[in-house]
Amino acid sequence: KKKYKLPPYTVYVLLILMNCAMSMWHVLGKAMLRRGVDPLVLAFYREVLGALVLLSMAMGTGQLKRIKHWKSFIITHLL
């Protein structure tokens with residue numbers, strides 16, 4: 001097994017980045033709703049973006065091989 005040794009400040013950097021991403025999503029969503037975009041479309045974008053981020057993280061750490069039914073997971077997540 002590979003063990004990933006990360007610097008101790010990595011957690012704090014990731015928390016700050018996630019906070020910025022979550023804040024940016026609210027600002028972007030408010031601007032899009034003012035322009036008349038359907039709220040279901042914004043929810044769909046959020047789900048697809050979240051699925052892609054989690055999939056890329058699983059692929060990057062090699063955890064995707066441990067998921068037995070990853071194809072059906074992706075298909076049901078997008079439906």
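Atoms considered below: every heavy atom in the structure, side chains included; atoms not considered: hydrogens, waters and symmetry mates.
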| request: Have a look at F44 and tell me which of L42, V48, V41 forms a side-chain contact (heavy atoms from CB on, under 4.5 Å) with it. | output: V48
Donor-acceptor contacts under 3.5 Å from residues 10-28 side chains, at least two apart:
{"unit_1": "T10", "atom_1": "OG1", "unit_2": "P7", "atom_2": "O", "d": "2.8"}
{"unit_1": "S23", "atom_1": "OG", "unit_2": "N19", "atom_2": "O", "d": "2.9"}

| note | Residues joined to L40 in its hydrophobic cluster, side chain to side chain under 4.5 Å directly or through other members, sorted by chain and number, are none
